[in-house]
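Below, chain A is the first sequence line, B the second, and so on; all start at residue 1.
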Amino acid sequence: MASRFNPLKADAAWQKVWEENRTFAARDDSPKPKSYVLEMFPYPSGRIHMGHVRNYTMGDVLARYRRMTGHEVLHPMGWDAFGMPAENAAMEKGVHPGGWTRENIATMRAQLKRLGFALDWSRELATCEPEYYGHEQALFLDFLEAGLVYRKKATVNWDPVDMTVLANEQVIDGKGWRSGAEVEKRQLDQWFLKITDFADDLLEGLKSLEHWPDKVKLMQENWIGKSQGLQFRFALSDGGSVEVFTTRPDTIFGSSFVAIAADHPIAKQLAENSEEVAAFVAKCKAGGTSAAEIETQEKLGYDTGITATHPFDTTWKLPVYIANFVLMDYGVGAVFGVPAHDQRDLDFARKYNLPVRRVVSEGDKEAPEFEGDEAYTGPGTLVNSHFLNGMDVADAKREVISRAEADGWGQGTTVWRLRDWGVSRQRYWGTPIPIIRCDKCGSVPVPRDQLPVKLPEDVSFDIPGNPLVRHPTWKHVDCPSCGGNAERETDTLDTFADSSWYFIRFASQPDDKPFDKEVAEQWLPVGQYIGGVEHAILHLLYARFFTRALQQIGKLDVAEPFAGLFTQGMVTHETYYRDRGEGVSRLWFNPEELNFESDKVTAKADGAPVTVGRVEKMSKSKKNTVDPTEIVDQYGADAVRWFMLSDSPPERDLEWSENGIEGAWRFVNRLWRLFDGLQDAQGEDKDLDRKLHRTIAGVAEDIDALSFNKAVAKLYELVNAIEKAKPSASRAAAIRTLPRIVAPMVPHLAEEVWAGMGQDGLIADAAWPDVDPALLVEDEVTVAVQVNGKLRDTLLLPKGAPRESVEAAALASDKIVRILDGKAPKKVIVVPDRLVNIVA
RNA sequence: GCGGACGUGGCGGAACCGGUAGACGCUGGAGACUUAAAAUCUUUUGCCCGUAAGGGCGUGCGGGUUCGAGUCCCGCCGUCCGCACCA
């Protein structure tokens, strides 16, 4: 062996061996227990970034470790290849989205291979290929047949310049993010998936996900937003009625007004006959929707002059307002206001001088007069509420609901925050929705033998809008039902649909259908899913919905797609900038443009100082990215992998640093020298034996828990111990065992050493070393001796020594004798094998 | 506003069920090897007093429980994240 590890040679050599042997191909028919390890597949944006490297390294360590512990591992990789950036590139650079995407995939695939991940590349897929999206179209038709898809008019953000629909995030201050044009609200026919049918299942299912972070479960729970309450009717003075929804029916005797949304049908009708109302409605709609604006927005109301009759007292009339704080798309778009016990209602009531009546006691406050500007929403006893008086809030809710149901003016209902999933996108680069629209027959599904509906390749992006709409021939087809002239649906599916079932396709990919039920069920659910927390809600919720929908229609008997979820932290880096004055964006610097002196940082270009900014997520705009490929070429894949696992706990952010990668590189070389200097010797080194076995067990535990930073620390300790140990048979054995313990993390070096030691086969196929349980037990322990809880001495005693002898040894210690100074201790607490605490 | 997470040396972090705080890495100091540098090795590195032996103080702040608290309880302060006029 050469004395210095040559990563460039070793990386390439072993990557070739793995590829030629198809080492990491997962066998469906394997008798071994199956383990599915998956990292969220990347969007092919151009080049991989450090965040990808960290994500895939974590998954890779787990996948390789599982292989070593006797599992048949499925660890696939693919491309979330549809989406807007490709169309943006097409518009900016005049390239074709498909060409741009496929080139990026080729680049990124090569970059990933360069890192030596144990991936089953034979299952690679890209969602932009008909071989994938054609099956997605079939699933869409399955859902359609099952009644899980419907079409309705919905409001969208329309950019009149780009002639396209914008997501909410793409609307900035009411203007399109690209065009800068004033965004219009448009009503368009859109396809929806009935995710709300599964709202309760998706909520209840969270309870079964023991290996998901609580944080993510909570975020999903809030997103689904279950509210139980009463929906009921007020009779109106104009002869009509209005439905309202409340979660606080108990406070019904505290109501002082009814408020409806500006786009409530009643408000719309009033607006038609009154310019004043129309003006007010317009004013409400003009308000911004951003968080900051909502926070500061004043409550506005318009008294319609109509009154509502209280359901429990026909002589009690409540004014009906149109109010800007009532949302049409939650509940029924109308509420009854109880100012004393709801902050918004209180703000509104104080502004318009409406009565504020206490109906829930607050401590000893029971009087109907409610003081102050802070609503009371806590628990209490019902007061000033006729037959409800004396009940607690929960009982009062039940009582009101049961009376409303008995009298027929309302009923207990559940309202969800979750809305149906609008999947129509007026874009080219997505899965075409397999529907044909016929004037006579309406929406007709594309016959299955005509799938996939392929995207036309001959499109241009020199004019704004969806090229599918203006393509000369693509959309013109005969109606499959009546044979007359018809048009294809030109909308494509939301790309979240593509990522909602890719993990199933990885498990099973027949040509003639989306997946084979039995084969997919062998692998699913995914045992460990790893990705960024930014997907905590949408992607994970949609994937859970798809899986349940497939279960409902009998295609796949799996309820939850991801048994284990781990959300890893970002890779961050220091930033460098110069302020350019008020209202002008900062000028950011790449570290390569700078000189780092001991006390300041200056720009190479002009020698003037530059401010060192916060440590932030690597991003192109802040110029704090580090290209993984350059680093891999410099240090080799193993050093980069090792650094990605070191120091920071995986769920937290990892700060990229030159010193960090240097440290990792040093360690790789220390390992190499250790193996290189292997000498057989005689003699036993019991301490080292124990250290080795404790490390094998500890690292296994840490990898299972994804605590890679702890595994790394344990390996450092072991290597330190081996380096310091004198030659012995134990030391030689430790060095021979070490490659297998580090193999999941630094696989290239491990293979190189394994071969160098003359071992048969690949270390990738080797078994995780056995642990000798006898060596996990110490025969001597260090016992702490405390006086009044303060450490005064330590004693080396045989493990399992009886209390009396431990206590005697502690009291006999010179230091303790001196501290006690002849006085008898009041009490002595002995924790076997741990400590003695003397209370003096 | 609602919900949640987290505060440990110069830095990233470890510390199992309440039992020796600071493992491991980085940085810094001192030294060895070398003509020199790099690499490598040895040693040291929480703070304060002390030549030393030794002692005191230390896990955001203030209390509490306990023989014993980074860990449990109560109250503050700070940072970060998610949702947001959700009735």
Any pair counted as salt bridge (charged side-chain N to carboxylate O under 4.0 Å, His left out), so long as it reaches [range], sequence neighbours left out:
| range | value |
| --- | --- |
| residues 210-233 of chain A | A:Asp200-A:Lys226, A:Asp214-A:Lys217, A:Arg233-A:Glu243 |
| residues 698-717 of chain A | A:Arg66-A:Asp704, A:Lys691-A:Glu717, A:Asp702-A:Lys714 |
| residues 325-342 of chain A | A:Asp329-A:Arg419, A:Asp342-A:Arg344 |

- Query: Run the ring-ring contact (aromatic ring centres under 6.0 Å, His included) check on A:Tyr321 and A:Tyr352 step by step: do they pass?
  - Reply: CA-CA 10 Å; A:Tyr321 281 81; A:Tyr352 292 99; 5.7 Å; yes
- Note on the structure: Expected string for nucleotides 14-26 of chain B under the B/S/- scheme (protein heavy atoms, under 4.0 Å, primed atoms plus P, OP1, OP2 as sugar-phosphate) is SS---BB--BSSS
- Message: Can you build the contact string for nucleotides 29-34 of chain B? Use B for base contact, S for sugar-phosphate-only contact, and - for no protein heavy atom under 4.0 Å.
- Response: ------
- Closest approach of A:Ala664 and A:Ala639, non-hydrogen atoms and distance?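 Shortest heavy-atom contact: CB-O, 3.3 Å.
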- Query: What residues, two or more places apart in sequence or in another chain, satisfy side chain to side chain contact (heavy atoms under 4.5 Å, CB included) together with A:Glu362?
  - Reply: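 So A:Glu362 forms a side chain to side chain contact (heavy atoms under 4.5 Å, CB included) with A:Arg358, A:Lys365, A:Phe370, A:Tyr376.
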Show the distances under 3.5 angstrom between N or O atoms of the protein and N or O atoms of nucleotides 54-56 of chain B.
| unit_1 | atom_1 | unit_2 | atom_2 | d |
| --- | --- | --- | --- | --- |
| B:G56 | OP2 | A:Arg792 | NH1 | 3.3 |

Could you tell me how far apart [X] ([atom1]) and [N] ([atom2]) are, to the nearest whole angstrom?
| X | N | atom1 | atom2 | value |
| --- | --- | --- | --- | --- |
| A:Leu346 | B:G1 | CG | C1' | 14 Å |
| A:Asp676 | B:U40 | CG | P | 15 Å |
| A:Asp329 | B:A87 | CG | C1' | 13 Å |
| A:Leu540 | B:G82 | CG | P | 15 Å |
| A:Arg417 | B:C83 | CZ | P | 8 Å |
| A:Ile838 | B:U66 | CD1 | P | 21 Å |
| A:Arg248 | B:C86 | CZ | C1' | 15 Å |
| A:Leu318 | B:A87 | CG | P | 21 Å |

- Message: Could you walk me through whether A:Thr572 and A:Asp653 satisfy the side chain to side chain donor-acceptor pair (under 3.5 Å) test, starting with their C-alpha distance in whole Å, then the side-chain angles of each, then the deciding distance to 0.1 Å, before giving a yes or no?
- Response: CA-CA 7 Å; A:Thr572 59; A:Asp653 290 350; 5.4 Å; no
Using the [atom1] atom as the reference point in each nucleotide, state the distance between [N] and [M] in Å, no decimals.
| N | M | atom1 | value |
| --- | --- | --- | --- |
| B:G22 | B:A30 | C1' | 23 Å |
| B:C6 | B:G54 | P | 39 Å |
| B:C17 | B:A69 | C1' | 14 Å |
| B:G7 | B:U59 | C1' | 9 Å |
| B:G68 | B:G58 | P | 15 Å |
| B:A53 | B:U34 | C1' | 40 Å |

- What about A:Trp656 and A:Phe643, are their ring centers closer than 6.0 Å?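 Under 6.0 Å, so yes.
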- Aromatic ring proximity, centroids under 6.0 angstrom, A:Trp642 and A:Tyr716: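 Here the rings of A:Trp642 and A:Tyr716 have centres that are less than 6.0 Å from each other.
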- A:Leu706 side, atom CG; A:Ile530 side, atom CD1 - distance, nearest 0.5 Å: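 The distance works out to 5.5 Å.
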- Pairwise distance CZ(A:Phe280) to CG(A:Asn324) - rounded to 0.5 angstrom: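 Between atom CZ of A:Phe280 and atom CG of A:Asn324 there are 6.0 Å.
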With distance as the sole test, does [X] use its side chain to make a donor-acceptor pair with the main-chain N or O of [Y] at under 3.5 Å?
| X | Y | answer |
| --- | --- | --- |
| A:Gln220 | A:Ala536 | yes |
| A:His573 | A:Val626 | no |
| A:Thr794 | A:Thr782 | no |

- State plainly whether the residues A:Arg690 and A:Asp687 are in salt-bridge range, i.e. N to O under 4.0 Å.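 Counted as a salt bridge, because a side-chain N and a carboxylate O are separated by less than 4.0 Å.
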- What pairs with A:Phe566 under ring-ring contact (aromatic ring centres under 6.0 Å, His included), at least two apart in sequence or on another chain?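 So A:Phe566 forms no ring-ring contact (aromatic ring centres under 6.0 Å, His included) with any residue.
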- Please name the residue in the list A:Phe234, A:Phe348, A:Tyr302, A:Phe336 that meets the ring pair (Phe, Tyr, Trp, His ring centres under 6.0 Å) test with A:Phe257.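 Result for ring pair (Phe, Tyr, Trp, His ring centres under 6.0 Å) with A:Phe257: A:Phe348.
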Give the residues of [range] touching RNA chain B, defined as any heavy atom closer than 4.0 Å, sorted by residue number.
| range | answer |
| --- | --- |
| residues 334-344 of chain A | A:Val335, A:Arg344 |
| residues 251-263 of chain A | none |
| residues 216-233 of chain A | A:Leu218, A:Met219, A:Ser227 |

- Is there a donor and acceptor pair, one atom on the side chain of A:Lys826 and one on the base of B:C67, closer than 3.5 Å?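 No, no donor-acceptor pair under 3.5 Å.
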For residues 795-804 of chain A, tabulate all N or O donor-acceptor pairs below 3.5 Å that involve a side-chain atom, not counting sequence neighbours.
| unit_1 | atom_1 | unit_2 | atom_2 | d |
| --- | --- | --- | --- | --- |
| A:Arg803 | NH1 | A:Val830 | O | 2.9 |

- Item | For B:C24, the Watson-Crick or wobble counterpart (both distances under 3.5 Å) |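 Matched B:C24 with B:G12 under the 3.5 Å cut-off.
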- For the pair A:Phe5 and A:Trp672, name the ring-plane relationship: parallel under 30°, tilted 30 to 60°, perpendicular over 60°.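 Aromatic pair A:Phe5/A:Trp672 classed tilted.
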- Task: Name the orientation of the base relative to the sugar in B:C81: syn if the glycosidic angle is within 90° of 0, else anti.
- Result: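 With its glycosidic angle more than 90° from zero, B:C81 counts as anti.
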- Query: Should B:G9 be called syn or anti, with syn set as within 90° of 0?
  - Reply: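 B:G9: syn.
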